[in-house]
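Just so it is clear: chains get the letters A, B, ... in the order the sequence lines come, proteins before strands, and each one is counted from 1. Treat the numbers as computed from the prediction; the structure is a model and nothing was measured.
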Amino acid sequence: MTEIETSQELLVRMEGLKFSHGNRVILDGINIDIPKGKVTTIMGPSGTGKTTVLRLITGQLTPSAGCVMVEGQEVAGLNRSALYALRKKMGMMFQSGALFSDLSVFENVAFPIREHTDLPESMIRDLVLIKLEAVGLRGAKSLLPAELSGGMARRVALARAVALDPMMVMYDEPFTGQDPITVGVIMKLIRTLNDSLGLTSILVSHDVAEVSQISDYLYVMSGGKVVEKGSPEVLQNSDSPWVQQFLNGLPDGPARFHYPAIDLADEMLSE
Amino acid sequence: MAAMLSFFQQIGSKAFLSLARLGRAHIFLLRTFGALPSLWGEFRLVIAQLFSVGVATVQIIAISGLTVGMVLGLQGYTTLVDFGAEDSLGQMVALSLLRELGPVLTAILFAGRAGSALTAEIGLMKVTEQLPAMEIMAVDPFKRVIAPRFIAGFISMPLLAAMFSALGIIGGYIVGVGLVGVDDGAFWSQMQAKVDFYDDIMNGVIKSVVFGVVATWIAVYEGYEATPTTEGVAKATTRTVVHTAFAVLGLDFILTALMFGGL
Amino acid sequence: MNQKAKMEIAVGAFIVFGILALLMLALKVSNLTILSGDDGYELKAGFDNIGGLKARSPVMMAGVRVGQVSNVVLDLESFEAVVTLRIFSKYNNLPKDTSASIFTSGLLGEQYIGLEAGGEEQVLADGDVLAMTQSAVVLEQIIGQFLFSKAAGDD
């Protein structure tokens, strides 16, 4: 394992982070560092708590143990107004887009600007049009979310996430269920927005090929733990059989194809 | 013995769960109250909700009010005419509607029409991650989503109940005076002599205000607490209608006992 | 924009109709007089027995409603019921010797006060007392009297 260079400025630090829901342990002591200005991806199979990590960063959930530091502040220790002040600097693109179904595309992107600034209407209009232009959907500004395709909805959600020029943007499964062209568009947008706006991007995904192309750093999670981390090249050469199985999508390996059960022959004979 | 023990354990844990639920519902109400002042200056949010909560319920309230009044007129007449007291029909129709039927039936119809829609809407906002998205944009859903709906329900209910009662009295008048031949003047004068503004009308209004708070509270709370799945929202919607009906009928008994005595 | 205007008009109409319904209930159904600004004036009348008369019972003259009973108390010296009548201000020329009786509308109907005008020139003013009154007819008393006279007649 190669350490992420410690010289880099970190935006988010997670140390010994544990989270359990009822009796079910979801995160079992993870350490993740998110460097400023880079695209960092948290990978892993479904149900390993990747989305939980994002919810801990935004303070929607409180860790059972350990801490999440964003800009040197411990998220769980913030009161509501301090947390909201921090969230104004965060953007998030949800898996479903999470657009407000009663507002047009334009109003969806304008929503955070209207809520948090007192800018005049003409300036709001200019800002929204710039953001929509960046995701290529200026022409769709008067459509309602129900009239958009899944890929377009995600691009609008992305425009909304960067509407207030946040310091970081989080992406929850940005590629899932999209056609190859849309995947390509979103990949390009994530990378170019990150570099042109000077953002820090955190992705949560299990689409290995796509994230390997656009990420600076990768974390691979399994069973509530971080099993491998580093740059895409480092991961490709990982000697962990589990990581190799995950990256190459092999049906069987350390992660078993079969749900635990007694031997098939035994079960058939037991009747 | 062990079976009995687990039976009591189950009752105990059920009781704890209900207590926790009740506690959450009250914390929810307090947060809603806390968010109300922020609506000042955001009237368009309230107007949009008055449209989907109040205006949308007018139709069913108007039709139900009119038909209930007509039935009251007909049934009241057949009973009163035996005592030669059919002139008191107006009084009977008005008092039944103002004191009981108006507020109670309006609240139950409201739960079926507007309450269920509120629960489903908020529940679906949860399913489609609109509520978490709002929170991450540092916008309190209580200010933006819950409070405007709560206020709209609170304002709508007394107005709807007044419409129900007024149309019910008109329905009773159409049947009583128009069809079965109660004297026009007697219908109104008996009513006016026996209906007191404070005892009957204001108490009815107070009832509908209380029902408005409770019915809207249940509807938005169930939506907000709904399990964010298709099935969860369906169950929450059903719960809204059932719980509102129980709550309104129970509260009506208590309020009637307090207002009109007897206890 | 058009959609928004439609919605605002609908909400406005909703509020207006709701308030109209409340006003109808207040003025047409309960005959709330406070809002109409007609305070009228008060007269007092003593009765030996008022039967089922209550506050808000109507006061009629020649079959027309001219006011209502505002208060009923028992006078502890004379042990009479003292009834306060509130008469609408437009009926301000009732003669001084007007008499008051308690009637029942129909056999089982409610009780009301019927006023009968006298012939004096002077008119009643606020706070005046009606001298001539006739108590309520109590059904049991009539039946009792009837039976008594029947028994006496048979003698």
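- Annotation for B:Arg239: atom CZ counts as buried by contact number, over 12 foreign heavy atoms lying within 6.0 Å.
- When each of B:Thr128, B:Val127, B:Leu124 is scored by its heavy-atom pairs under 4.5 Å with chain A, the top score falls to B:Thr128.
- A:Leu99 touches chain B through its backbone: at least one of N, CA, C or O sits under 4.5 Å from a heavy atom, while the side chain does not.
- The line from CD of B:Gln130 to OG of A:Ser96 is 8.0 Å long, rounded to the nearest 0.5 Å.
- Counting all heavy atoms, side chain and backbone alike, A:Phe94 lies closest to B:Ala133 at CE1-CA, 3.3 Å.
- Around the CZ atom of B:Phe154, the shell of radius 6.0 Å holds no more than 12 heavy atoms that belong to other residues, nucleotides or ligands.
- One distance of note links CD1 of B:Ile136 with CG of A:Leu54; it measures 8.0 Å at 0.5 Å rounding.
- If you take CZ on A:Arg87 and CE on B:Met134, they are separated by 13.0 Å, rounding to the nearest 0.5 Å.
- Taking A:Arg55, A:Arg80, A:Met92, A:Lys89 one by one and counting their heavy-atom pairs under 4.5 Å with chain B, the maximum is reached by A:Arg80.
- The neighbour count for B:Phe43 CZ, taken as heavy atoms of other residues, nucleotides or ligands under 6.0 Å away, is above 12.
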Item to complete: Report the C-alpha distance between B:Val139 and A:His116 in whole Å, list the side-chain angles of each, state the deciding distance to 0.1 Å, and finish with yes or no for side chain to side chain contact (heavy atoms under 4.5 Å, CB included).
Response: CA-CA 9 Å; B:Val139 175; A:His116 295 307; 3.9 Å; yes
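- If you run side chain to side chain contact (heavy atoms under 4.5 Å, CB included) between A:Glu115 and each of B:Arg144, B:Lys143, B:Met137, only B:Arg144 comes through.
- In the displayed structure, A:Arg114 atom CZ is contacted under 6.0 Å by more than 12 heavy atoms of other residues, nucleotides or ligands.
- Other residues, nucleotides and ligands contribute at most 12 non-hydrogen atoms within 6.0 Å of the CG atom of A:Asp118.
- Among A:Gln60, A:Met93, A:Met170, A:Met90, the residue making the largest number of heavy-atom pairs under 4.5 Å with chain B is A:Gln60.
- Separating the CE atom in B:Met125 from the CZ atom in A:Phe100 is a distance of 6.5 Å, to the nearest 0.5 Å.
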